[in-house]
Amino acid sequence: MAKIGRFLRAHVMLVILGLVTLATVGLRIVAEPGGAAADAEFYRSYLITSVVTTTFSWIAAFRGPARMRRSWRWFAIAFTAMLLPQPFSVVMAATHQGHLPMSGVLAALVGRLAWAPLMLVGILLLPMNPLSGRQRTRFAADFTTIIGGGFVVSWYFQLGPALQHGRIGPDTLVVIGFPVTDLVLIFGVCALLMRNGLPSWRGPLPLFLAGLITYLAGDVTYAYILGRGPMSWSTPMSVTLNGADLIMAAAAAMHIRTPAGETPPKESTRSGVAYLPYAALLAGYVMLLVAAAREDNFYPWSGLAVGVIVMTGAVVLRQVVAMRENHGLVVRDHLTGLANRLSIAPALEAAVRRDQETGVASAFLVIDLNGFKKINDTLGHEAGDAMLVSFADVLRATVRGSDVAARVGGDEFVVLLDRAGSAEQAVAVAQRILDRAAAEPTPIRASIGVVLTDPEADVATVRHRGDMAMYAAKRAGQTKPELWHPGLESAAGAADALDTELLAATAAGQLRVEYQPIVTLATGEITGMEALVRWDHPERGTLYPDAFIPAAERIGAIDAIGLWVLENAARQTRQWQQEFGRRLYVSVNLSPHQLRKPGVTDALLATLAGTGLDPHDLVLELTESALVHESEGAAVLEVLRRADIRIAVDDFGTGYSSLRYLTRLPIDILKLDRCFVSELNGEPQGSAVAEAVIRLAQALQLDTVAEGIEVPAQATELTLLGYRSGQGFHYDRPLTVAAMTERLRAETYEAV
């Protein structure tokens, strides 16, 4: 409403002119309906509103958003074509005491006939969505239905009665000419609505559409009145032509006032537009019923029958196209175009049944993309979708036409190799898929399990074996497929046993914490330490985090383990501070799963408070992938930061993320990954990343810690680059509590 108010205030003269014009014409018609004076008044008023509309259209052709100007140029030309004969009509009417002779009628009709196709060109140049092959067929069917509906209405009210008279006069020319232009306008309105050229009900386009509809309504009613009485232009419907002109002028004025750089509204599919063809078909059948009840002559029946037949055929065509599309949606994955879970099931059942009947085996490949979740989390879902589409293209390029490739989950694919021949051939196809995926512009890594159908195995067994082989390939971490064999059953059982044992490891006292010193590079003095969890497995020996943390995250044990490590590390650090009288801090890793758990901040702060450690002496380390999703972790980090806990980015530089999170999230420390430290060789090329990271940290006022320092030369080069802290085997490996205590004691005594 506010926008409408601003528009009215900005175009006061246009509003006043419109009201005066409509009031003048209306009063004259009421005073002398159908009279010569009223006709003359209409000609003059129509000339005035046409001049206004044409003027605003030409201004709009050179002002307002550039994407619309070309269309407004055609609109301006169209209104000019309709305006040019009107002064002649006014003069002729004045000369003939308000009655318009045939020459005046023909001049006005020519202008109107020229106006419609020019308007159509401008409408078709408006920004609209492109159409695919089936969309074009569906649009053509819908368009034919709606045009048929318009023809049916025009035939009943205009064309049929006019042709029935059997004579050509001024009224007949108008009654026949106007429907022709109306059908052209209906085409334009259909294109504008059904190709989403009207993405929003705000702005000049809705007004423009309202003007077109007003022309259509006025023409139909006007011609109907003329077809049933003496020729007169000043009927009560005359004001619709003036009103349509003024609405068009208002649309042009709104376009002029739209800022040139304004972003168009986001396009959206409007469900109501889809019902237009059915509304048109309904109108056709209504006209048939009306004709059956009221008419007994040939013209209404013939035209209505033709129109309804055409519309019915078009609707049938549309339904056929829709059925084919719906079938495609049911059996095809909408993103990749591959088969989906529903369509792979019958294909696998047929392959298993054929093997049982003929002994000819097929192969079933189960594929899972590696690192897909990380890409989704760090680069966003668009990058993840692009990866899925690329891998689908890889499958199409590497399997035969008789094979079936399907996407059955988020990043899960399967391939049914029809009559694979042998296990070796099936594995070769799987390896070809892996090699081609790795050779993509953005390399794709995957794990593939291969299983052959077996006369003794049903569909569920084949699926289970394929899943087992895929998980075995993923656990192995190798870029080669895994062929199912009975030994995988025992391996899977061992993995399940490890999960069960891990759930009881904390209570059984099998977990412990080791500490790797973090030192000042210039002096070698210990300023803090990183807490690292170890599992002393009773049968497998000491297990490092890579061997059990992923399992802990999968089975939900990571929260309890994380809090246990935090409590032990914080309590031990506080004990060392008191024993040696030194300010030390401890760095503890925080899993992304912990970051997303409800109530994590309360649990962390309560655990820390129970240890007595100053919150500033605790650093929580998170990977880049955990930090990049601001919506999931930002609020948690803000609470921890306000509690004076510091946040570090672990393995910085190895993630997929952009750097924008460094300025948007509460981060204190960047830990340079060991892979960049290992490249230090005294040459500029080797130190390029390390130097870039320290400069970035200095600009953002962040501390830095270099990881993986193994030789003195690396420590020296890092110091020269500006790094102040580091850790690595050059100083110490991770130490037990006892060894770390002795290390601190020795350093404290040396300082004394």
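In this chain, numbering begins with 1 at the start of the sequence shown.
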Test Phe391 against Ile433 for side-chain contact (heavy atoms from CB on, under 4.5 Å), laying out the working first. CA-CA 9 Å; Phe391 189 73; Ile433 292 172; 3.9 Å; yes
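- With a 4.5 Å cut-off on side-chain heavy atoms, Glu567 and Leu563 do not count as touching.
- In terms of heavy atoms, Thr453 sits closest to Val462 at CA-CG2, 4.4 Å.
- Arg396 pairs by the side chain to side chain donor-acceptor pair (under 3.5 Å) definition with Asp393, not counting sequence neighbours.
- Put simply, the side chain of Arg432 gets close to the backbone of Thr398: a donor and an acceptor are under 3.5 Å apart.
- Between Gln594 and Leu622, the closest side-chain pair of non-hydrogen atoms is not below 4.5 Å.
- In terms of heavy atoms, Glu707 sits closest to Asp673 at OE1-CA, 4.0 Å.
- Atom-to-atom distance recorded for Leu434:CG and Arg445:CZ is 9.5 Å, nearest 0.5 angstrom.
- Between the CG atom of Leu483 and the CD atom of Glu424 there is a distance of 8.0 Å, given to the nearest 0.5 Å.
- No side-chain heavy atom of Arg534 sits under 4.5 Å from any side-chain heavy atom of Thr736.
- Contact detail for Ala469 and Val450: the closest heavy-atom pair is CB-N, 3.9 Å.
- For the pair Phe413 and Leu338, the minimum side-chain heavy-atom distance is below 4.5 Å.
- For the atom pair Leu604 CG and Leu590 CG, the distance stands at 6.0 Å (nearest 0.5 Å).
- In this structure, the side chains of Phe372 and Leu388 come closer than 4.5 Å at one or more pairs of heavy atoms.
- Judged purely by atom type and a 3.5 angstrom limit, Asp602 has no side-chain atom pairing as donor or acceptor with the backbone of Gly599.
- Between Pro734 and Phe729 the shortest heavy-atom distance is CD-CE2, 4.1 Å.
- Looking only at side-chain heavy atoms (C-beta outward), Glu482 and Met470 stay at 4.5 Å or farther from each other.
- Using a 4.0 Å cut-off between charged side-chain N and carboxylate O, Asp536 and Arg512 make a salt bridge.
- Side-chain contact check for Asn589 and Glu530: at least one donor-acceptor pair (N or O, by modelled atom type) lies under 3.5 Å.
- Using a 4.5 Å cut-off on side-chain heavy atoms (C-beta onward), Asp418 and Arg400 make contact.
- The structure places CZ of Arg419 at 10.5 Å from CG of Asp403, a figure rounded to the nearest 0.5 Å.
- Nearest heavy atoms, Gly708 versus Arg674: CA-NH1, 3.4 Å.
- At a threshold of 4.5 Å between non-hydrogen side-chain atoms, the residues Phe364 and Val414 count as touching.
- By the 6.0 Å contact criterion, CZ on Arg733 is open, its count of non-hydrogen atoms from other residues, nucleotides or ligands being 12 or less.
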Starting from the C-alpha separation in whole Å, work towards a yes-or-no answer on side-chain contact (heavy atoms from CB on, under 4.5 Å) for Ile444 and Ser390. CA-CA 9 Å; Ile444 302 173; Ser390 297; 3.9 Å; yes
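- A distance of 11.0 Å separates CG of Asp650 from CG of Leu672, quoted to the nearest 0.5 Å.
- No side-chain donor-acceptor contact under 3.5 Å links Asp355 and Ser362.
- Residues that satisfy the side-chain contact (heavy atoms from CB on, under 4.5 Å) test with Ala420, not counting sequence neighbours, are Ala363, Leu417, Ala426.
- In this structure, Arg436 and Ala397 approach most closely via the heavy-atom pair CZ-CB, 3.5 Å.
- Note that CH2 of Trp535 and OG1 of Thr542 are 11.5 Å apart. Values are rounded to the nearest 0.5 Å.
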